[in-house]
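The structure displayed is predicted, hence computed values, not measured ones. Scope of the values below: all heavy atoms of this structure, side chains included, with no hydrogens, waters or symmetry mates.
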Amino acid sequence: ETAAKKQPCEWTMNIEDLEALISPIRKRVSQVIEYPETAVTLDIASRVKDEVRHFKYLHQMCMAHAVNYVTANRVKQVALIDGYKSSVDAQCPLGPYFYGRSLIELTAFIFDISRRLAAIAIKPGSEWKTKGEEFFSVIVRARYGTSNGKIRERLEKAGLPSELSKPFRIMKSMEVLSKSEEGKLLASQYEIFCDFVHHNLSSQFTSSP
């Protein structure tokens, strides 16, 4: 705490602190069951005449995708932390930067998606129809958006709208994180990690010795 006050832009964390942070997520991941997958498109037409059925359908579809989204990202967080720790233990000179950058990007991605979904959630309850459809579109795009052209083609043939097959851009998510009070310090470290990951000065210097 004293060191943080003296150097507000510097912070350190040891492996034990890292494990303490990830421990609650690791525990949840160890208890995960396989959740059923659901459709990537909405069938509103068959339910539009019954508002109760319409509401329940939107709620169930959004919840199913949200649960899968949250679970997958928890698994990924644990996997990245374990990769980081393993590369440290193996004294790999570049590994921690690869895993560290990926963790920052995952944080930015989750933060960005959470902000988008929260903005939808606070809209008036009377707008539940459009809210449900907007929420569904964001969560499906967050799960299925890909830059792999072959996979996108297959998804679109299966009915996924083309606008939902496009991934959210990580640099846009980084921008959102950097403008937030809680994420700006973390985002400020991103370029440092990138310089080690890319074939720039830092990675050259690390590899040369």
task: Could you walk me through whether Lys157 and Glu153 pass the salt bridge (Lys or Arg N to Asp or Glu O under 4.0 Å) test, one step at a time?
output: CA-CA 6 Å; Lys157 282 184 179 178; Glu153 186 178 348; 3.7 Å; yes
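- Taking CG from Leu103 and CZ from Arg101, the interatomic distance works out to 11.5 Å, rounded to the nearest 0.5 Å.
- The shortest heavy-atom contact between Lys131 and Ile120 is CE-O, 3.3 Å.
- Across every non-hydrogen atom of Pro167 and Ser147, the tightest pair is CG-N, 3.9 Å.
- Taking 4.5 Å as the limit, every side-chain heavy atom of Pro24 sits out of range of all side-chain heavy atoms of Lys27.
- Listed for the Ser102 side chain is no donor-acceptor partner under 3.5 Å among the backbone atoms of Phe98.
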message: Between Glu156 and Ser162, is the side chain to side chain donor-acceptor pair (under 3.5 Å) condition met? List the steps.
response: CA-CA 6 Å; Glu156 289 171 17; Ser162 60; 5.0 Å; no
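- In the hydrophobic cluster analysis, where Ile, Leu, Val, Met, Phe, Trp and Tyr join through side-chain heavy atoms closer than 4.5 angstrom, Ile113 is grouped apart from Ile122.
- Close placement of the Phe196 and Tyr97 rings is indicated, their centers lying within 6.0 Å of each other.
- Under the rule for a ring pair (Phe, Tyr, Trp, His ring centres under 6.0 Å), the partners of Phe55 that lie at least two apart in sequence or sit in another chain are Trp128.
- Here the straight-line distance linking atom CG of Leu21 with atom CD1 of Ile81 works out to 8.0 Å at 0.5 Å rounding.
- His65 contributes no side-chain N or O that, together with a main-chain N or O of Ala142, makes up a donor-acceptor pair within less than 3.5 Å.
- Panel note: side chain Arg47, backbone Asp43; a donor-acceptor pair is recorded below 3.5 Å.
- Counting only heavy atoms from C-beta outward, the side chains of Ile139 and Asn68 never approach each other to under 4.5 Å.
- Taking the charged nitrogens against the carboxylate oxygens, Glu134 and Lys123 do have a contact shorter than 4.0 Å, which makes a salt bridge.
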field: Verdict with supporting geometry, Arg143 and Glu37, salt bridge (Lys or Arg N to Asp or Glu O under 4.0 Å)
entry: CA-CA 11 Å; Arg143 294 192 64 212; Glu37 194 53 84; 2.8 Å; yes
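- The backbone N or O of Lys150 sits less than 3.5 Å from a side-chain atom of Asn148, completing a donor-acceptor pair.
- A 4.5 Å side-chain heavy-atom check between Thr71 and Val67 finds at least one atom pair inside the cut-off.
- Crowding of Gln91 atom CD: a count of heavy atoms from other residues, nucleotides or ligands under 6.0 Å not exceeding 12.
- Residue Phe109 is grouped with residue Met171 when hydrophobic side chains (ILVMFWY) are merged at heavy-atom distances under 4.5 angstrom, including chains of intermediate members.
- In this structure, the side chain of Lys179 does not engage the main chain of Lys184 through any donor-acceptor pair within 3.5 Å.
- Here the side chain of Asp195 pairs no donor or acceptor atom with the backbone of Glu191 at under 3.5 angstrom.
- For Glu182 and Arg115, the salt-bridge test passes: some basic side-chain N is under 4.0 Å from an acidic carboxylate O.
- Residues Ile110 and Tyr69 meet the side-chain proximity criterion, which asks for heavy atoms closer than 4.5 Å.
- Counting only distance, with no hydrogens or angles, the side chain of Ser188 and the backbone of Leu185 share a donor-acceptor pair below 3.5 Å.
- Side-chain atoms of Glu163 and Arg141, non-hydrogen and from C-beta on, never get closer than 4.5 Å to each other.
- The two residues Pro96 and Val88 come nearest to each other via the heavy atoms CG-CG2, 4.0 Å.
- Residues Tyr144 and Lys166 are not in side-chain contact: their nearest non-hydrogen atoms beyond the backbone lie 4.5 Å or more apart.
- Checked by atom type and distance alone, the side chain of Thr38 never pairs as donor or acceptor with a backbone atom of Met61 at under 3.5 Å.
- Under the 4.5 Å side-chain criterion, counting only non-hydrogen atoms from C-beta, Ser203 is not in contact with Val197.
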field: Stepwise side chain to side chain donor-acceptor pair (under 3.5 Å) check, Ser165 with Arg152
entry: CA-CA 6 Å; Ser165 70; Arg152 282 185 63 185; 3.1 Å; yes
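- The two residues Ala108 and Ser173 come nearest to each other via the heavy atoms O-CB, 3.6 Å.
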task: Apply salt bridge (Lys or Arg N to Asp or Glu O under 4.0 Å) to Asp89 and Lys85, showing your working.
output: CA-CA 6 Å; Asp89 291 340; Lys85 291 169 63 180; over 6 Å; no
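- Shown here are the ring pair (Phe, Tyr, Trp, His ring centres under 6.0 Å) partners of Phe135, two or more places apart in sequence or in another chain: there are none.
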- request: List the steps, then state whether side chain to side chain contact (heavy atoms under 4.5 Å, CB included) holds for Thr107 with Ile104.
  value: CA-CA 5 Å; Thr107 301; Ile104 294 175; 5.6 Å; no
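- A heavy-atom distance below 4.5 Å is found between the side chains of Ser87 and Tyr99.
- Counting heavy atoms of neighbouring residues, nucleotides and ligands inside a 6.0 Å radius, atom CZ of Arg53 exceeds 12 of them.
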